[in-house]
Structures are given as structure tokens and as C-alpha cells.
Amino acid sequence: MSANENGSQIKIADELAEVARSLAHATRTVPRPSDSYELLGALQIAQQSLAQVCTQLATWHRDAVDGTHCSGTDGHSLYGVPATAAGASEQVTLLLKIAAASAAETADLVGKAQAANGVVCWFDEAKETA
């Protein structure tokens, strides 16, 4: 059964958020400089996957049907404009498409950083400074 079939997307996203927080704390220093190349490669792949998630969620929101996937809105305005399910879905779709493009651009930049990192002859262990 796929993650989509058993509804575990929230659990997976929560796990991803927790791992990302752990990585953010763990990369304040890089004790093994030679690991930086592999780290950048893994980050590029993760960023590409996030771009794909945003694209897929944008498509899902675009195709969501009032009465099938939702029951209208809560009546609050959206950016000062009275919200409708179609309008909100359109806004979410647009924002997710922008997020997907930004995530894809970030993945490309991380890949370029990895390529630039690849020309450095990194030590396996950082040397003590005098």
C-alpha cells in the first residue's frame, strides 16, 4: 500500500520536519569536512523532492471539487477578498506553483554548490588551528 493509499502523508511530513530540524542543528559545524560534498548531494535530492511535492499539491488543489473534497469556506476573507472555495483553491494552487519553482531553483543552486565543493580536497578530519 502506498503512502497515498493509507493516508500517511501527514505522518511522513511530520517526520520530514523533525529530521530537517535535527539536520539544521547538526550542521552548525561540519567535523568531517569531506562529508560536505555528500551532504550537499543529499540536500539537492531532498530539495528536488520538495519541489515535486509542491507541484503535486498544486495539481491536487487545482482539481479539488467543492462538494466532493470540501464544503465551501469558513466565510473569512482571503487577502481582503471574500473567500470562495474556487478562489481559495486557485490561490493555493498559484502559491504552490511558485513554491515548487522556488524549490526547484534552490535544488539547482545546491547542485551548483556541490559541484563547486567537489573541486576542494577536503580533509577527513578538521585539523587543529594554532
Side-chain angles (χ1 to χ4, degrees):
M1 185 178 293
S2 77
N4 194 32
E5 291 170 344
N6 66 23
S8 65
Q9 298 98 331
I10 297 296
K11 181 180 179 216
I12 294 168
D14 286 343
E15 290 170 358
L16 173 63
E18 182 60 33
V19 170
R21 277 191 293 275
S22 294
L23 182 59
H25 291 291
T27 53
R28 288 179 285 197
T29 63
V30 181
R32 187 176 161 94
S34 59
D35 288 346
S36 61
Y37 182 81
E38 192 172 338
L39 178 61
L40 288 169
L43 287 174
Q44 181 186 23
I45 292 167
Q47 195 65 42
Q48 289 168 335
S49 295
L50 290 173
Q52 181 179 350
V53 169
C54 288
T55 298
Q56 290 168 176
L57 285 173
T59 299
W60 183 88
H61 276 85
R62 181 199 67 206
D63 296 341
V65 176
D66 192 9
T68 300
H69 298 101
C70 65
S71 61
T73 69
D74 63 7
H76 290 91
S77 65
L78 181 67
Y79 303 112
V81 178
T84 64
S89 184
E90 184 178 318
Q91 184 71 20
V92 172
T93 300
L94 174 63
L95 293 170
L96 286 170
K97 285 181 179 182
I98 293 167
S102 295
E105 182 178 356
T106 299
D108 183 54
L109 292 169
V110 172
K112 289 176 180 177
Q114 183 193 26
N117 177 287
V119 302
V120 177
C121 298
W122 297 106
F123 292 126
D124 284 341
E125 302 297 326
K127 296 193 179 226
E128 294 293 323
T129 57

dist L43:CG -> E38:CD (nearest 0.5 Å) comes out at 11.0 Å

All heavy atoms of A51 vs all of A104, minimum pair found to be CB-N, 3.7 Å

For K97 and A58, the nearest pair of non-hydrogen atoms, with its separation, is CG-CB, 3.9 Å

Hits for ring pair (Phe, Tyr, Trp, His ring centres under 6.0 Å) against W122, two or more places apart or cross-chain, chain-then-number order -> none

Do L57 and V92 have side-chain heavy atoms sitting under 4.5 Å apart?
no

Requested in this report: Kindly indicate whether the side chain of I45, heavy atoms from C-beta on, has any atom under 4.5 Å from the side chain of Q48.
Outcome: yes

Taking every heavy atom of A99 against every heavy atom of C54, the minimum-distance pair comes out as CB-SG, 4.1 Å

Quiz item: Are L50 and T106 close enough that some pair of their side-chain heavy atoms sits under 4.5 Å apart?
Solution: no

Between H25 and R28 the two heavy atoms that sit nearest each other are O-NE, 2.9 Å

Is a side-chain N or O of T93 found less than 3.5 angstrom from the main chain of R62, in a donor-acceptor match? yes

L39 and L23 have their tightest heavy-atom pair at CD1-CD1, 4.1 Å

Partner of S36 under side-chain contact (heavy atoms from CB on, under 4.5 Å), picked from N117, V120, T27, is N117

Interatomic distance, NE2@H61 vs CD@Q91, rounded to 0.5 Å, equals 11.5 Å

